[in-house]
Amino acid sequence: MRPFTYERAESPQAAAAAAAKTPNARFIAGGTNLLDLMKIDIEQPAHLIDVNGLDLARIEGTDDGGVRIGALVRNTDLAADARIRRDYPLLSRALLAGASGQLRNKATTAGNLLQRTRCPYFYDTNQACNKRLPGSGCAALGGFSRSHAVVGGSKACIAVHPSDMAVAMRALDATVETVKPDGSVRRIPIADFHTLPGNTPHIENVLTKGELITAVTLPKPIGGHQLYHKVRDRASYAFALVSVALVVQANGSGRVALGGVAHKPWRVEAADAELPKGAKAVAARLLAGAQTTDDNAFKLTLVERTLAATLAEAKERTA
Amino acid sequence: MKFDTPATTNPIDRLKVVGKPVDRIDGPLKTTGTAPYAYERHDVAPDHAYGYVVGSSIAKGRIVAIDTSKARRAPGVLAVVTAQNAGKLGKGNFNTARLLGGPDIEHYHQAVAVVVAETFEQARSAAQLVHVDYARAKGTFDLASAKGSATKPKDGKPDTAVGDFDKAFAASAVTLDATYTTPDQSHAMMEPHATIAAWEGDRLTLWTANQMVDWSRGDVAKTLGIPKENVRLVSPYIGGGFGGKLFVRADAIMAALGARAAGRPVAVALQRPLMMNNTTHRPATIQRIRIGTSKEGKIDAIAHESWSGDLPGGGPETAVSQTRLLYAGPNRMTAMRLAVLDLPEGNAMRAPGEAPGMMALEIAIDEIAEKVGMDPVEFRVLNDTQVDPENPKRPFSQRRFVECMRTGAKKFGWERRAARPGSVREGRWLKGLGVASAFRNNLVMKSAARVRLERSGRLVVETDMTDIGTGSYTIIGQTAAEMLGLPLDRVDVRLGDSSFPVSAGSGGQWGGNSSTAGVYAACVKLREAIAQKLGVDANTAVFDGGDVVANDRRVPLTKAVAGGDIVAEDGMEYGDLDERYQQSTFGAHFVEVRVDAATGEIRIDRMLAVCAAGRILNPKSARSQVIGAMTMGVGAALMEELVVDKRLGFFVNHDLALYEVPVHADIPHQEVVFLDETDPISSPMKAKGVGELGICGVAAAVANAVYNATGVRVRDYPVTLDKFLDKLPPV
Ligand SMILES: Cc1cc2nc3c(=O)[nH]c(=O)nc-3n(C[C@H](O)[C@H](O)[C@H](O)COP(=O)(O)OP(=O)(O)OC[C@H]3O[C@@H](n4cnc5c(N)ncnc54)[C@H](O)[C@@H]3O)c2cc1C
Ligand code: SF4
């Protein structure tokens, strides 16, 4: 960890302005990702802006019948919220499938969206990694890539976004609300929020310099059976090999998003339409153009099988 | 004292304290966070600075240049030590690679520098500024491709053969020829390797986490080129070792060098991401097993060959050792071959040899039993032997293996196992039961202790024995209490200091039996001294309830020390009983698993171990040892693998986020049964080891249960879903 300066933000806009004017500044929320990365010299901020004191920890209704989740709502509180459990059970289930109780107590909504990949080469500063050090290469290509992306990757990076929460938000058509240093606000559909690696894997989302996430909103509840199925190597907390977020309506229509397969929560709207045809057809659409390695090719089979099991479970509940 | 004839009745047989499931006497310290571990000894070195170790970023090659100037100028930095300014260093007897690399680099994350600063944060920050230029050399990193170049190891007993294996195998009615692989594994203990070093003139004290105090004291001296007498090593509390702390590691040497350079004490803990490549690991193996039986399932021929790799000068993983002893069969052969690999140093990890050996052998037994059409419990019972099968004149000292199998089968409900694999389904789960033998040799090691009866009536025991979380404090206290007829709370046990008599140390599951036997010897001497003081005959006197009872008279022990403390020191040495008899520990592991029919996720439902391991000195701490070992066995079965990057030559998943081990949610239900037995051939304690027995066979029992559940056989550990998903029935 390198020496850094620290301040507490007074307001969201002040936080954004401070971040824009101080070189190499970072916001700190729960710190569960940022601090780990600072300790091993991957994140090297010169200045930390602590946003924890801001009034961004509320969950409240929106005018259109949806819900606004403050950027600082802790993962534990969000998962346990009565309205979320009733109206958006998918989100609650995805949150509870992630990390551990202690981590969820600290982790925030915004921090979770912005957590960084778990690619082992990203974590080892001796290794080539375009995400950590643009232009240095990608050690995962041709290396150990069992947990890596099967869709949307590039020659520069095949890392996955590790969040469970974000996968549910993607299926629920969430919108990310931000404030910029000049005080203007933005609403970014989650589909557009995270980016694919392309030639710039160090860029992971569309936030601009200083831009602060203030909330995530969800449109009005869509009902249906909402299931989050996370597959992992052990029962205790672990990152997903793959995960499936599924919403199925009584008439068989629905939505599906995947975790653990791409640089962002993965949804292909055209695949939703295939849901009545079953897992094979949906998986084919979702994973069209997949590029696998020897280590991660199993994910294609795993996605299809997990999807089939999740669809079967949804059907059972409908019956 | 020499132990060269089987034990007869002795004071331990009274079992007033020994054999009772008493709580660990160090338990309250540990649960209240007041047991001082090495890195927390701020009391002994309040002014200590912090060292941070820099590891090599290449696997093999040379340091061309190393620039520490920036690091030296960083805030708070007191010293930077590299091979250039460390002075001449030797290499310990127990180390394969040097603990400070440069200019030659032998493996990834080999220490190349230690940065010493006022605070930990300053040391860590400055460590990023050490700039090293390397010249990479080509290395060999892949066991499978290096297998062909493997040679017969020079030391030990790489090959054995009895009868004519090839002929018998060719003529067998039923045969199996299968190859299994086990991966490199990490000890991944909770407490990292950690040391505080302080020099006083040319004398060095190390407060460290080390399982073998005397070995390591010698190796520190040898590495630093100073007399052994000038080194004091103190290691009273150790947060897990599993073999990873048998030897001196970089933390100790770098702390010593850092302290010398900085002119004050220095604390070094290896950072977690460095541990997997900087320290030792359990080497990967490739194992070929061939078994030939009669139609009825009697083994005619059995062969076990194993290939492993290590750095030049290293040794093989002795994965065939159990196959020399576990099952009968007139025609047999075993062989070990060693390849040179430029990966980090391979070495002992909990039950070296048997743990990976049993992972392979016990799947093979499951496979051949199925081919014969026999229940795997019955197959094992049929092929039991009461003598060393390579040398039938040598009996086992005790072998109640069949009883373990039978007891376990009954208790576990083995009869409910469906012989046809893949045939039991409950909702989304495929269910299966698996069994495996447990087997681990019992080793005895010379061990000494000093005991002192104080005027207050308290008994103090001192030995350099270590407690790595195993319960040594408690069983040593129980032994001394039993010998002197005292309640346990009148005994003080002091361990892990090289100024105490040299013990067996903790390793190879020899510690419990050997260290208590050493305490036994010292107590015999103390009893003699007390008896003499009281004018009674030591051989007939009974030490009971704080008194000495002789000639129908009860005299309080305290009377003997009215004039001053009485001290006695002795140790136990062993004759050739372990050559005349084969001493081993036995058990049976039963496991029930469920496998998600869609995703292939494997979850453990319940586990049972039945162990026959001599006298159980403390059933509570012994049980803790066995359930811990079973948990580690589940890790070996289902998730633990140090993944080798075969291009770059290092273990990629070098932290606990990526090297997964089983934790609470993975282990729902465990049971342990100890057969009631004593083994008078092993020591006067009549005890043997259990801490390693508990892991041997577990992984295979899990793998066999997965096979029973799914009908898919996985021969490459760990058994992860990607290895069999495509063979599961459609969803
Ligand atoms: C052992 C372990 C296991 C885990 N397992 C899982 C798992 O299974 N599934 C899963 O989904 N996650 C898992 N996680 C990740 C965890 O969910 C994240 O660490 C957590 O959500 C991050 O939230 P935080 O508030 O602590 O973020 P921080 O660490 O504080 O911040 C993360 C990033 O977000 C930025 N940031 C924070 N707030 C804002 C804001 N308002 N606007 C703009 N930028 C902001 C920070 O600058 C930083 O770059 C695990 C983490 C650990 C350590
Ligand atoms: S996959 Fe991405 S994160 Fe991983 S090494 Fe390659 S560039 Fe870095």
Side-chain angles (χ1 to χ4, degrees), chain A residues 1-4 36 38-41 44 100 118-121 123-128 139-147 162 229-239 241-244 278-280 294-313 316, chain B residues 55-58 74-75 108-109 120-122 124-125 127-129 271-273 277 427-428 596-604 634-635 638-639 643-648 650-655 657-668 718 720-726 728 730-731:
Chain A
M1 191 181 299
R2 306 186 179 218
F4 56 88
D36 280 3
M38 285 168 67
K39 288 177 195 169
I40 49 179
D41 213 35
Q44 303 169 357
S100 65
R118 295 280 162 173
C119 169
Y121 298 96
Y123 267 79
D124 187 335
T125 48
N126 292 327
Q127 305 307 329
L141 281 166
F144 175 49
S145 52
R146 182 168 179 264
S147 63
H229 196 149
K230 176 175 177 177
V231 182
R232 44 178 145 179
D233 283 320
R234 65 175 179 186
S236 299
Y237 68 90
F239 289 96
L241 293 171
V242 306
S243 67
V244 170
K280 204 176 177 68
D294 285 350
D295 289 347
N296 71 13
F298 75 96
K299 285 189 177 183
L300 302 187
T301 317
L302 186 57
V303 164
E304 188 185 319
R305 295 182 68 99
T306 308
L307 195 52
T310 316
L311 278 169
E313 194 185 336
E316 237 166 67
Chain B
S56 163
S57 64
I58 62 164
Y108 193 70
H109 276 173
F120 170 75
E121 286 74 14
Q122 288 171 330
R124 181 173 59 185
S125 166
Q128 324 282 8
L129 304 174
Q271 57 272 30
R272 182 70 63 180
N277 286 282
R428 56 188 265 232
D596 188 307
T599 64
E601 286 166 289
I602 302 164
R603 302 293 180 250
I604 305 285
V634 170
L638 299 181
M639 57 197 92
V643 179
V644 179
D645 187 310
K646 293 168 190 158
R647 309 158 305 168
L648 303 165
F650 73 109
F651 299 131
V652 184
N653 50 339
H654 51 68
D655 64 29
L658 294 159
Y659 186 88
E660 288 180 5
V661 298
V663 282
H664 291 81
D666 299 287
I667 306 291
T720 47
L721 59 88
D722 45 312
K723 293 180 184 157
F724 63 92
L725 192 63
D726 54 350
L728 290 179
V731 187

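The figures here come from the full heavy-atom set of this structure, side chains too, leaving out hydrogens, waters and symmetry mates. If you're wondering where the values come from, they're calculated on a predicted model, not measured in any experiment. Within every chain, numbering begins at 1; the chains are lettered A, B, ... in the order of the sequence lines, protein sequences first and strands thereafter.
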Subject >> Region of B/Leu725 that comes under 4.5 Å of a non-hydrogen atom in chain A >> reply: both
Original post:
At a heavy-atom separation under 4.5 Å, does A/Gln127 approach chain B through its side chain, its backbone, both, or neither?
Top reply: side chain
Subject >> Segment of B/Pro730 engaging chain A (4.5 angstrom heavy-atom cut-off) >> reply: backbone
Original post:
Using a cut-off of under 4.5 Å for heavy-atom pairs, which of A/Thr301, A/Asp295, A/Asp41 has the most such pairs with chain B?
Top reply: A/Asp41
Original post:
Please, which pairs that meet side-chain hydrogen bond (donor to acceptor under 3.5 Å, both in side chains) have at least one residue in residues 229-239 of chain A, sequence neighbours excluded?
Top reply: A/Arg146-A/Asp233, A/Asp164-A/Lys230, A/His229-A/Thr310, A/Ser236-B/Asp666
Original post:
Any idea which of B/Val643, B/Leu658, B/Leu638, B/Ile602 has the most non-hydrogen atom pairs under 4.5 angstrom with chain A?
Top reply: B/Val643
Original post:
Between A/Thr306, A/Asn296, A/Leu302, which has the largest tally of heavy atom pairs under 4.5 Å with chain B?
Top reply: A/Leu302
**OP:** Please name the pair of heavy atoms, one in A/Phe298 and one in B/Asp722, separated by the smallest distance, quoted to 0.1 Å.
**Re:** CG-CB, 3.4 Å
Subject >> Per-residue contact mode, B/Leu728 against chain A (heavy atom under 4.5 angstrom) >> reply: both
Subject >> Atom pair CD1/CG of A/Ile40 and B/Asp655 - distance to nearest 0.5 Å >> reply: 7.0 Å
**OP:** Drop me the distance from A/Tyr123's OH to B/Asn653's CG, to the nearest 0.5 angstrom.
**Re:** 14.0 Å
Subject >> Shortest non-hydrogen separation from B/Asp645 to A/Gly143 and the atoms involved >> reply: OD2-CA, 4.1 Å
**OP:** With rounding to the nearest 0.5 Å, note down the distance linking CZ in A/Phe144 to CZ in B/Phe651.
**Re:** 13.0 Å
Original post:
Judged by atom type as modelled, is there a donor-acceptor pair below 3.5 Å linking the side chain of A/Arg305 to the main-chain atoms of B/Ala598?
Top reply: yes
Original post:
Which bit of A/Lys39 comes within less than 4.5 Å of chain B, counting heavy atoms only: side chain, backbone, both or neither?
Top reply: both
**OP:** Could you pull out the closest heavy-atom pair between A/Ala235 and B/Ala665, with the gap in Å?
**Re:** CB-O, 3.6 Å
**OP:** Name the region of B/Ala597, side chain, backbone, both or neither, that has any atom closer than 4.5 Å to a heavy atom of chain A.
**Re:** backbone
**OP:** Would you mind checking which part of A/Ala139 comes under 4.5 Å of any heavy atom in chain B, side chain (CB onward), backbone (N, CA, C, O), both or neither?
**Re:** both
Original post:
Based on non-hydrogen pairs under 4.5 Å, which of B/Glu121, B/Lys646, B/Gln128, B/Gln271 is most in contact with chain A?
Top reply: B/Gln128
Subject >> NZ (B/Lys723) with more than 12 external heavy atoms under 6.0 Å >> reply: yes
Subject >> chain A contacts, top residue of B/Val661, B/Val634, B/Ile667 (heavy-atom pairs, under 4.5 Å) >> reply: B/Val661
**OP:** Working to the nearest 0.5 Å, report the span between CZ of B/Phe650 and CG of A/Asp124.
**Re:** 5.0 Å
**OP:** Would you name the heavy atoms of A/Arg2 and B/Ser125 that are closest together and state the gap between them?
**Re:** CA-OG, 4.1 Å
Original post:
With only heavy atoms counted, which part of B/Val652 is less than 4.5 Å from chain A, the side chain, the backbone, both or neither?
Top reply: both
**OP:** Please list, chain by chain and in numerical order, all residues satisfying side-chain hydrogen bond (donor to acceptor under 3.5 Å, both in side chains) with A/Thr125, sequence neighbours excluded.
**Re:** none
Original post:
Is any side-chain heavy atom of B/Leu721 less than 4.5 Å from a side-chain heavy atom of A/Val231?
Top reply: yes
Original post:
Can you name the nearest heavy-atom pair linking A/Ala309 to B/Val731, along with the distance?
Top reply: N-CG1, 3.9 Å
